[in-house]
Structure formats: C-alpha cells, structure tokens
Amino acid sequence: MKGLVTFLLGIGYLATSDANWICDEAPPLYNVRQVDAGLGSVVVRDKDSNAYFLAGSDWKLLGSIKLKHVTVGPAGLWGVGIDDNVYKYIAGDFTPSTGLSMLQVDAGNNQVVGVSPSSTANCLNSTTAMALSGVGYLSWSSLSRSLKYYSCGPLGCWGVDTNNQIFFAQNVDPSTCSTSGWRNAPGSLIMIEVGTDGRVFGANIEGKVYERTGISTALPFGVDWVYIPMCIGIRHVSYDLGKLWVVSNSGIIMRCSS
Ligand SMILES: *[C@@H]1O[C@H](CO)[C@@H](O)[C@H](O)[C@H]1NC(C)=O
C-alpha cells in the first residue's frame with residue numbers, strides 16, 4: 001500500500017511556476033474525512049467519527065468523544081459531536097457546551113466560528129472562546145449570511161454557502177465578531193480553510209484544490225484562484241506552516257510542500 005500511495009502522490013504538483021506542490025504520504029491513516037492544521041498541530045476525523053492528532057509518525061486518538069468535525073488553532077482545540085453539540089478540548093478531553101448546535105466549527109483565529117445545521121454562520125468572540133474552561137453555555141453571535149462552511153484567519157474569514165458560492169467577510173473583529181459586510185468571490189468550492197498565517201485553500205465539488213492568491217494585509221480579499229493539480233480527487237484541505245494537508249475522496253491523508 002505504501003509503495004502505491006507514494007507512486008500516486010509523487011506526481012501531484014502545481015503546473016505554474018510560482019508554487020510547486022509536491023505531495024507524499026502522511027503517516028498512514030485510512031477513511032479520513034476531514035483535516036485541520038494549526039499552530040503546528042494536525043487533527044483529523046475519520047468515517048467512524050474518531051478524532052486523531054499526529055504525534056511524530058503516529059496518529060493518536062484525541063479524546064473520547066465521537067466527532068463530526070474537529071479544529072485546532074489560536075482559539076484552542078474544538079469539535080462538533082455527532083450530537084451536533086460544540087465541544088472544547090479542556091484538560092485532555094472534549095468538554096460539551098450548551099447553546100447552538102453546529103455542524104462545523106473553526107478555531108483558526110482568536111474567535112471561534114461555526115455553521116449550524118440550518119446553515120446559519122455564527123461566531124464566539126475571542127474572550128468567550130478563550131475563557132471557556134469547563135461545561136458552559138455559549139452565547140453565539142449570528143452573522144448575516146447563510147453558509148455551510150466557514151473558516152477564519154488573521155486577515156479575514158471565508159465561507160461557502162449551500163450553492164458552493166464563496167464569500168469573504170470584510171473587517172472581521174475577533175473581539176466582537178462584527179464584520180463590515182460580505183463580498184462574493186468568483187468560483188465554486190465545497191469547503192474553504194484559512195491558515196493561521198492567512199493563506200486560503202479550498203476544494204471544489206470535482207475534487208480539485210485551489211489557493212487564493214495575492215492575499216496581504218493591504219488586500220485581504222486577494223486577487224485570484226490558482227489551481228493546484230492533484231492526481232486524485234480531494235475532499236478536504238487545510239494549510240499550516242508551509243504544509244498543505246489534503247484528504248482524498250478515498251480517505252487517504254497526504255502532506256504537500258511547495
Ligand atoms: C463577547 O461575548 C460575550 C458573551 O456573549 C459578551 O458578554 C461580551 O460583551 C462580548 N465581548 C465583546 C467585546 O463584544
């Protein structure tokens with residue numbers, strides 16, 4: 001299996017000259033459904049709703065709760081249980097909160113954002129997200145946009161809606177969760193993830209991977225999408241500290257470098 005995967009992945013690279021992504025097999029784990037990388041940590045969720053983190057060359061079970069989605073970043077380690085409750089990782093395990101139900105959460109900046117089963121986008125301000133230290137009620141702020149996936153970084157937040165349209169939230173304030181409005185970006189993605197350094201990657205319904213180019217403090221909306229060829233269909237991506245982690249439609253996780 002290892003030889004086959006190495007062969008399949010060794011040819012995934014970007015055709016344009018500015019970034020050349022080479023993928024290889026991450027430590028093997030099968031039936032992966034979702035990945036999130038942040039602050040040097042890598043967490044995944046598999047088809048049986050188990051969460052794992054990468055420790056050296058081994059995947060270790062993370063906590064004792066079955067999860068639909070797991071995320072790690074400046075706001076901590078968070079997950080959504082199979083019961084749609086939001087959990088924060090506290091003292092070595094996922095601790096439930098009450099408040100709104102979510103399907104997906106993101107801890108990629110100081111605030112935590114999440115998307116509810118009815119596709120409303122919500123935010124927990126940075127003080128609330130950081131201070132939560134046990135079982136508690138969470139007071140989410142509702143954002144004025146319907147989304148199915150939402151992720152934040154230091155230069156802004158990006159989401160996709162149920163029609164796979166892409167939106168950028170302008171001037172997000174992590175301490176209040178306020179944004180000055182939404183801007184529609186061209187293209188179509190099923191998921192989008194913002195790295196802790198602000199780089200933005202997503203996957204579309206055909207399993208193709210794209211990066212938003214030209215993002216800077218002066219231009220957080222960026223300029224364009226660049227296609228990153230992968231030799232197999234990709235369902236989920238996450239970027240952190242120079243590594244792009246990709247999950248194939250078949251559930252294999254790979255690590256790409258440029
Ligand atoms: C953060 O959220 C909490 C809980 O809703 C609220 O009491 C607090 O005022 C918020 N902080 C800011 C700066 O908006």
Side-chain angles (χ1 to χ4, degrees), residues 36-39 41 43 51 63 65 67-162 167-184 192-198 200 215-221 238 240:
D36 198 33
L39 299 181
S41 292
V43 294
I65 304 291
L67 298 179
K68 270 186 184 168
H69 194 95
V70 61
T71 177
V72 62
L77 182 46
W78 294 70
V80 173
I82 54 175
D83 54 5
D84 295 351
N85 282 332
V86 175
Y87 291 78
K88 184 179 181 181
Y89 199 74
I90 299 167
D93 207 352
F94 288 98
T95 305
S97 62
T98 53
L100 293 180
S101 296
M102 295 291 156
L103 290 182
Q104 178 253 327
V105 286
D106 187 79
N109 201 29
N110 292 328
Q111 75 276 43
V112 171
V113 293
V115 169
S116 77
S118 56
S119 302
T120 61
N122 297 277
C123 174
L124 270 186
N125 67 36
S126 50
T127 311
T128 306
M130 299 282 190
L132 184 68
S133 61
V135 176
Y137 172 79
L138 292 176
S139 178
W140 295 85
S141 314
S142 177
L143 305 176
S144 59
R145 177 142 303 275
S146 176
L147 296 174
K148 70 171 176 185
Y149 204 105
Y150 193 43
S151 175
C152 293
L155 302 179
C157 299
W158 290 79
V160 297
D161 72 6
T162 51
F167 292 91
F168 173 70
Q170 307 190 87
N171 304 310
V172 172
D173 180 344
S175 68
T176 61
C177 287
S178 68
T179 136
S180 67
W182 298 84
R183 193 165 163 192
N184 192 196
I192 191 162
E193 277 284 345
V194 187
T196 309
D197 66 355
V200 175
I215 291 176
S216 66
T217 312
L219 193 62
F221 184 67
S238 183
D240 182 50

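All ligand and atom numbering here is 1-based and tracks the order in the structure. Because the structure is a prediction, the values reported are computed rather than measured. Quick note: numbers below take in every heavy atom, side chains included, and nothing from hydrogens, waters or symmetry partners.
With 3.5 Å as the limit, one finds a donor-acceptor pair spanning the side chains of Asp106 and Ser151. Side chains of Ser238 and Asp240: a donor-acceptor N/O pair is absent below 3.5 angstrom, by distance only.
Distance from atom 2 (O) of ligand 1 to its nearest protein heavy atom, with residue and atom name: Asn125 ND2, 2.2 Å. Protein heavy atom at the shortest distance from atom 5 (O) of ligand 1 is Ser139 OG, 3.4 Å. Nearest protein neighbour of atom 13 (C) of ligand 1, counting heavy atoms only, is Ser175 O, 3.2 Å.
When distances from atom 11 (N) of ligand 1 to the protein are checked, a heavy atom turns up under 4.0 Å.
The only member of Tyr87, Tyr150, Tyr149, Trp78 that meets ring pair (Phe, Tyr, Trp, His ring centres under 6.0 Å) when paired with His69 is Tyr149.
Here the closest heavy-atom approach between residue Ser144 and residue Trp182 is recorded as OG-NE1, 3.4 Å.
Every heavy atom of Thr127 sits 4.0 Å or more from the atoms of ligand 1.
For ligand 1, the polar-atom distance check against Thr128 finds a nitrogen or oxygen pair separated by under 3.5 Å.
Looking only at distances, a side-chain donor or acceptor of Lys88 sits under 3.5 Å from a matching main-chain atom of Met130.
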